[in-house]
Protein chains: 2
Amino acid sequence: MADDIDKGAPTLNQVAQQIRHYGLDADPQSVLVAVRLVAAGVMLGQAAEVHFARFGLSTGRYRLLADLEDSAGEKSPSRLAASLGVSRATVTGLVDGLERDGLVIRRPSAEDGRSAAVVLTARGATTLRELAPEHFGRLEAMVGELSADERATFLDLLGRIVRGTSALAE
Amino acid sequence: MADDIDKGAPTLNQVAQQIRHYGLDADPQSVLVAVRLVAAGVMLGQAAEVHFARFGLSTGRYRLLADLEDSAGEKSPSRLAASLGVSRATVTGLVDGLERDGLVIRRPSAEDGRSAAVVLTARGATTLRELAPEHFGRLEAMVGELSADERATFLDLLGRIVRGTSALAE
DNA sequence: CCCATGTAGTTAGCCGCCTAATTATGTATT
DNA sequence: AATACATAATTAGGCGGCTAACTACATGGG
């Protein structure tokens, strides 16, 4: 797997050919930007998965642990689902795995009988702390090719694409 | 789901706070760029999934069909796996679904007894053709906020990030 | 010629994501 | 107080990714 860097990232010519094939009039460069962006996201996502696997985690599990730590080590599944942007069912599955590995525990809520709390264990906090230097180092290195100005430009352009996309998602 | 645009995309302050929390010296802006890029990729990926679902497809199935059409409507599972950048097992699963829906058929190879061919059916080709205008239209609209110059700049910066990342994946 | 090794495809089983349905609890209305 | 509605969490089942193991076939070296 991960055979090729260009996994699924076509060239301008390939895109132009496809557009022509369907007799459309889309702008190849625009389409290329969109396709490359999606491909880059997939690629980085997989790289992150490999990275987290070295610590027995996954991106989803890491995000849950980090969110928990930002919330004083304790949060309800519903609120986790909301802040992570995933369904409650997904949180149930993630917590199942994390609890099995001893990184979090479940505790019923005292105030609300329907609710529960997911609590970060000492081991969970330790795992996060061990992970952090490499994690942030990798993220930083990822964009190390760019100058501060270029990073600012990239953030601006990316933000505008994202806003355009979500406006279009209706 | 897809509750929020900013699903999992933190602010500069949040990133800086996390870095401080672990006593690291990473550059928050760099980290922010990386995190936002991954989040954008996830978001666009999910938007694409919703789009394809309207045609009874998924991103993976669409990519397989499109790849097939680019190859004269016929290709072996192994070669599909290689060009799509997924495992052979994944191709087996995708073809199972597409065959069930009548969009492709499997045919054993005459030359090589181990091999097989996945063949695009008329219905598969029709589905692709019906999908194309909306598909490319959406991709184009996604980056519609940007001028041609800005798109070129974005492609350059994105390419450099991707190259930096894959160099780092070791 | 046979056997070892390699390659093609599938299967089994795990993970993370989803939706829909279920169960339990809280809240509000009458 | 009872009934209706809303919310919290889980469960069941599907999809698409993966790895590892298995089967079937091909091929090259002794």
Side-chain angles (χ1 to χ4, degrees), chain A residues 1-3 7-8 39 41-43 45-53 55-65 75-101 104-118, chain B residues 1-3 7-8 38 41-43 45-53 55-65 75-82 84-101 104 106-118:
Chain A
M1 329 328 73
D3 315 299
K7 154 199 299 205
V42 169
M43 213 198 69
Q46 288 178 180
E49 221 60 62
V50 169
H51 160 54
F52 287 125
F55 295 85
L57 291 180
S58 66
T59 302
R61 286 188 189 186
Y62 168 77
R63 293 219 303 137
L64 197 154
L65 289 183
K75 205 168 186 178
S76 76
S78 287
R79 297 207 302 133
L80 282 168
S83 57
L84 295 175
V86 302
S87 69
R88 283 180 311 211
T90 296
V91 169
T92 296
L94 290 174
V95 171
D96 284 349
L98 289 168
E99 192 169 35
R100 202 187 321 122
D101 291 351
V104 305
I105 57 168
R106 280 183 169 94
R107 193 167 46 60
S109 165
E111 311 87 46
D112 189 334
R114 296 168 300 179
S115 191
V118 181
Chain B
M1 323 332 81
D3 316 299
K7 150 194 305 199
V38 171
V42 169
M43 212 199 69
Q46 288 179 178
E49 221 59 63
V50 169
H51 160 54
F52 287 126
F55 294 85
L57 291 181
S58 66
T59 302
R61 287 188 189 185
Y62 168 76
R63 292 218 303 135
L64 197 154
L65 289 183
K75 205 169 187 178
S76 78
S78 287
R79 296 207 303 133
L80 282 167
L84 294 175
V86 301
S87 69
R88 289 191 310 253
T90 296
V91 170
T92 296
L94 291 173
V95 172
D96 284 349
L98 290 168
E99 192 168 33
R100 202 189 319 122
D101 292 351
V104 303
R106 280 182 169 94
R107 193 166 45 62
S109 164
E111 311 88 46
D112 189 333
R114 295 168 300 180
S115 189
V118 181

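All chains are named by letter (A, B, ...) in the order of the sequence lines, taking the proteins before the strands, and each is independently numbered beginning at 1.
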Closest approach of B:D101 to B:G56 (non-hydrogen atoms, all atoms of both residues): OD2-O, 4.3 Å
Interatomic distance where NE2 belongs to B:H51 and P belongs to C:dC18 [whole Å]: 20 Å
Interatomic distance, A:E49 atom CD to A:L57 atom CG [nearest 0.5 angstrom]: 10.0 Å
With A:R61, the side-chain contact (heavy atoms from CB on, under 4.5 Å) member among A:L98, A:V104, A:V95: A:L98
Nearest-Å distance for atom pair CZ/P, residues A:R107 and D:dA9: 12 Å
Side-chain N,O (A:S87) to OP1/OP2 (C:dC17) below 4.0 Å: no
Distance, rounded to the nearest Å, where A:L84 contributes CG and C:dC18 contributes C1': 15 Å
Heavy-atom side-chain contact between B:K75 and B:V118 under 4.5 Å: no
Heavy-atom pair of closest approach, residues A:A116 and A:P77: O-CD, 3.5 Å
Whichever of B:E111 and B:T59 has its nearest DNA chain D nucleotide further upstream toward 5': B:T59
With A:R107 via side chain to side chain contact (heavy atoms under 4.5 Å, CB included) - residues at least two apart: A:E74, A:A117, A:V119
B:T90 vs D:dC18: side-chain N/O to OP1/OP2 distance below 4.0 Å: yes
Separation of atom CD in A:E49 from atom P in C:dG16, rounded to whole Å: 8 Å
Nearest-Å distance for atom pair CE/C1', residues B:M43 and C:dC17: 17 Å
Distance in angstrom units between A:R63 CZ and C:dC17 C1', rounded: 12 Å
Interatomic distance, B:L98 CG vs D:dG14 C1' [rounded to whole Å]: 15 Å
Could you go over nucleotides 8-15 of chain C and give all protein N or O partners under 3.5 Å, atom names and distances?
unit_1, atom_1, unit_2, atom_2, d
C:dG9, OP1, B:S115, OG, 3.4
C:dG9, OP1, B:A116, N, 3.0
C:dG9, OP1, B:A116, O, 3.3
C:dG9, OP2, B:S78, N, 2.6
C:dG9, OP2, B:S78, OG, 2.4
C:dG9, N7, B:R88, NE, 3.2
C:dG9, N7, B:R88, NH2, 3.4
C:dT10, OP1, B:R106, NE, 2.7
C:dT10, OP1, B:R106, NH2, 3.3
C:dT10, OP2, B:T92, OG1, 2.9

Separation of atom CG in B:L80 from atom C1' in D:dG16, rounded to whole Å: 16 Å
Shortest non-hydrogen separation from A:T92 to A:R106 and the atoms involved: O-NH2, 3.3 Å
